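The block underneath contains the structure these notes are about, expressed in structure tokens.
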Amino acid sequence: MGYDMRRTHMCGDLREGHAGEEVALCGWVNTRRDHGGVIFLDLRDRSGLVQLVCNPELSPRAHALAHQARAEYVMACRGEVRLRPPEAVNPALATGKVEVMVRELELLNPAQTPPFEIQEGVTPDESLRLRYRYLDLRRSVMQETLLLRAAVTRTVRSYLDENGFIELETPMLTKSTPEGARDFVVPSRLQPGRFYALPQSPQLFKQLLMVAGFDRYYQVVKCFRDEDLRADRQPEFTQIDMEMSFVDADEVMTTVEGMFSRVFREVRGFEMKTPLPRLTWRRSMELYGDDRPDLRFGMTISELTELFASSESRLFREALGRGESVRGFRLDGVTSPSRKILDELVEFARGLGSAGLIWVVREGDDLRSPLSRHLSEEEKTGIVEGLGLGEGEAGLLLLGTFEETSERLSRLRRHCVERFGMEPRTPWSMVWIVDFPLFEWDEEEGRYKSNHHPFTSPKTEHLDYLEKEPLRVLSDSYDLVINGSEVGGGSIRIHRRDLQERVFRLLGLGEEEAWEKFGFLLEALEYGAPPHGGVAFGLDRLVMLLAGRDNIRDVIAFPKTQSGTDLLTGAPDVLYPQQLGELRLKTI
RNA sequence: GGAGCCGUGGUGUAGCCUGGUAAACACGCCGGCCUGUCAAGCCGGAGAUCGCGGGUUCAAAUCCCGUCGGUUCCGCCA
């Protein structure tokens with residue numbers, strides 16, 4: 001490229017103020033409009049595009065070259081920025097008031113006709129996009145999304161830097177640990193027969209950094225989990241990982257709120273109200289049946305079990321006899337729903353494993369319901385009041401254990417939001433869910449499992465129940481939920497060896513195994529480990545929310561397919577026998 | 001591991017349920033015309049045996065089975 005073609009501006013930045021200036025631009029040909037005489041080229045770079053005018057009278061050479069130009073050719077030009085004639089202004093373009101009168105044009109690299117058009121409005125097949133990712137990423141939506149992603153990490157970094165956090169790196173080649181997801185493993189050449197594991201998160205290392213006295217740590221870091229993919233799950237993903245010493249849960253949450261305020265202001269222009277509301281896990285389950293409730297919608301759950309304590313109806317009597325509850329919510333978004341709609345909801349509830357869904361519709365003083373004949377007047381009134389049904393409004397009730405009804409009602413609630421196209425009350429709803437149970441019972445393995453992870457601290461006031469009633473123990477933990485999506489969570493950690501060992505024991509981790517897998521941690525806890533706690537956020541999911549994308553692949557430059565392959569490079573791939581030999585590996 | 005959906009010129013789709021004439025449309029591509037377009041326009045042209053394999057049938061893009069790829073969900077994901 002000649003010296004005089006080094007660019008002076010980005011295409012999308014040119015405005016009226018540049019009129020009269022001599023500029024040099026580089027970019028890709030977005031479109032060519034050849035009028036035989038004058039030729040218009042839209043030149044595009046990451047900032048946007050601008051119209052180039054190639055007039056044969058101004059430069060026959062440039063005009064001739066423009067005639068040969070095709071979509072996606074890489075070109076450079078030099079010329080004068082000019083105000084467009086008033087009738088030729090394009091209000092749809094940021095640069096629509098100006099154009100560049102081309103004096104010199106240079107072809108830097110021609111291009112094959114791309115396998116799909118780099119245009120808005122057309123989304124090619126996913127496998128094509130992934131195979132030609134570098135072309136897919138040229139599309140403006142993808143550019144905008146990744147630029148937004150960069151803005152998020154930039155904002156996070158500057159906030160944390162300003163607040164005394166130190167960015168520290170932790171190893172990618174580390175040790176496989178029990179609990180949690182399946183590890184990705186890397187064979188060791190120097191230690192034949194041994195394997196590293198890629199980190200599922202830097203959890204233990206960041207705790208060790210607290211022991212080391214760094215006080216406040218953060219990292220924007222890749223994590224790896226070898227589990228099946230979903231629309232919001234990739235095998236490698238990025239976390240905003242933080243840890244702080246000498247703090248309580250409250251201080252961690254306040255710090256995070258400051259960070260998120262700035263992110264939302266910076267990238268979405270949204271002023272977050274802080275402090276954010278906090279719901280205990282228990283309350284969230286009662287009100288929404290969900291530990292990641294979407295507070296943009298109503299339809300909170302009411303418990304009506306008491307109402308049916310002395311019911312005439314066998315259905316209720318038997319259910320209550322089994323210790324089950326009656327819970328439900330008022331259906332928003334539809335009044336006087338048709339039988340067809342109600343049947344559809346019943347069908348949906350059956351699909352969730354429920355025996356049936358009881359619907360009621362208030363009609364004047366009466367209640368329309370398949371069960372109305374079996375309901376006493378008192379019960380009818382109780383339902384209307386309990387669910388707060390207005391005229392024509394419907395209620396949906398389920399029978400079952402607290403856990404069953406929670407699971408099903410929360411899914412039903414999410415389904416209704418989508419099915420009836422409900423309008424959110426606010427663009428963003430953020431809420432902390434706090435005080436999760438420390439353990440849950442794993443039916444299959446017949447043992448307790450950590451709800452969060454094994455390093456989460458029980459609430460001090462619950463320490464006494466630890467061995468006696470483990471399921472009653474709550475932890476100092478917190479999840480941040482935005483628009484019904486868990487964007488991150490954390491906890492105060494255990495910083496004393498004796499407590500950590502008690503928790504390991506409850507998880508069924510034998511002394512020997514605990515020492516073998518976590519000995520380094522137990523040891524570190526004995527060398528002056530400060531009280532500490534932290535949090536980690538899924539950057540990809542956060543960007544998905546901020547960008548309004550419903551797929552994690554759209555916020556990652558080079559994602560994997562659902563079957564874990566990379567269509568661009570062909571990974572994963574087989575190894576040459578020699579490589580396998582060096583690693584002392586044999587495929588079976 | 002299981003279930004659903006999708007696969008038709010380069011791209012996006014229609015056709016498939018209800019098998020039967022030249023597989024249709026838009027965009028793109030190639031050529032020509034054209035000096036103010038911006039999804040430029042006008043004229044002309046090339047381009048698909050319908051993912052792959054098997055079966056049913058006189059006949060399969062269409063029905064059936066299998067398989068591959070993509071995708072969504074369940075299981076899984078501390």
Side-chain angles (χ1 to χ4, degrees), chain A residues 30-44 49-58 63 66-67 70-72 82 84-93 95-97 99 101 112-132 135-136 177-183 200-201 203-204 223-235 237 351-353 407 411 436 438-440 442 444-445 447-456 475 477 486 489-491 503 507 509 536 538 550-553 559-565 567:
Chain A
N30 196 63
T31 43
R32 180 182 64 118
R33 292 177 294 278
D34 189 340
H35 288 242
V38 68
I39 298 172
F40 300 101
L41 293 179
D42 288 342
L43 196 68
R44 180 189 71 229
L49 52 81
V50 69
Q51 172 166 283
L52 310 184
V53 184
C54 302
N55 193 312
E57 286 158 20
L58 186 61
H63 179 264
H67 182 71
R70 294 293 180 271
E72 303 310 318
R82 190 181 83 160
R84 291 191 187 192
E87 67 279 6
V89 164
N90 184 352
L93 276 184
T95 58
K97 286 185 175 165
E99 58 193 4
M101 306 305 289
Q112 297 276 359
T113 301
F116 51 85
E117 291 167 66
I118 318 294
Q119 286 289 346
E120 274 172 88
V122 194
T123 312
D125 181 74
E126 191 72 21
S127 52
L128 251 198
R129 293 178 60 193
L130 293 174
R131 172 150 180 237
Y132 297 97
L135 297 180
D136 188 43
T177 53
E179 299 279 309
R182 200 173 289 117
D183 285 317
Q200 296 180 27
S201 85
Q203 182 60 35
L204 291 170
C223 302
F224 306 86
R225 294 178 192 175
D226 189 6
E227 298 292 348
D228 286 5
L229 289 83
R230 286 287 185 281
D232 62 353
R233 245 159 58 188
Q234 282 273 307
F237 59 99
L352 298 175
E407 154 92 14
R411 286 187 185 239
F436 285 78
L438 186 63
F439 302 113
E440 55 198 350
D442 187 317
E444 258 173 58
E445 296 186 37
R447 67 177 185 99
Y448 295 109
K449 284 204 152 175
S450 290
N451 202 323
H452 186 49
H453 58 52
F455 320 107
T456 302
S475 61
S477 52
E486 186 210 316
S491 61
V503 169
L507 292 170
L509 222 64
D550 57 9
N551 199 293
I552 197 170
R553 291 184 303 278
K560 307 277 186 286
T561 66
Q562 187 166 44
S563 46
T565 61
L567 262 22

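We name chains A, B, ... by the order of the sequence lines, and we start the count at 1 in each one. If you're wondering where the values come from, they're calculated on a predicted model, not measured in any experiment.
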Side-chain touch A/Arg553/A/Arg129, heavy atoms, less than 4.5 angstrom: no
Nearest-nucleotide comparison on RNA chain B, the residue closer to the 5′ end among A/Asp232 and A/Thr565: A/Thr565
Separation of atom CD in A/Glu227 from atom P in B/C74, rounded to whole Å: 14 Å
Residues that A/Ser127 engages under side chain to side chain contact (heavy atoms under 4.5 Å, CB included), provided they are two or more places apart: A/Asp125, A/Leu567
Protein-nucleotide distance (A/Arg32, atom CZ; B/C30, atom P), rounded to Å: 8 Å
5' priority, RNA chain B, between A/Arg182 and A/Glu117 [closest heavy atom]: A/Glu117
Value in whole Å for how far the P atom of B/G70 lies from CG of A/Leu128: 12 Å
For atom CG of A/Asn30 and atom P of B/U37, their distance in whole Å: 19 Å
Euclidean distance, atom NE2 of residue A/His453 to atom P of B/C77 [Å, nearest integer]: 16 Å
Value in whole Å for how far the P atom of B/A3 lies from CG of A/Asp228: 15 Å
Nucleotide nearest A/Arg84 when distance is taken to its side chain, options B/U11, B/C77, B/U37: B/U37
Whole-Å P distance, B/G44 and B/G54: 42 Å
Whole angstrom value for the distance that separates P of B/C27 from CD1 of A/Ile118: 19 Å
Closest listed nucleotide, where the reference is the side chain of A/Thr561 and the choices are B/G70, B/C38, B/G36: B/G70
Ring pair (Phe, Tyr, Trp, His ring centres under 6.0 Å) involving A/His453 - partner list, sequence neighbours excluded: A/Phe455
Side-chain N or O of A/Thr31 closer than 4.0 Å to phosphate OP1/OP2 of B/G28: no
Closest nucleotide among B/U11, B/A40, B/G31 to the A/His35 side chain: B/A40
Distance in angstrom units between A/Tyr132 OH and B/G12 P, rounded: 12 Å
Interatomic distance, A/Asp136 atom CG to A/Arg131 atom CZ [nearest 0.5 angstrom]: 13.5 Å
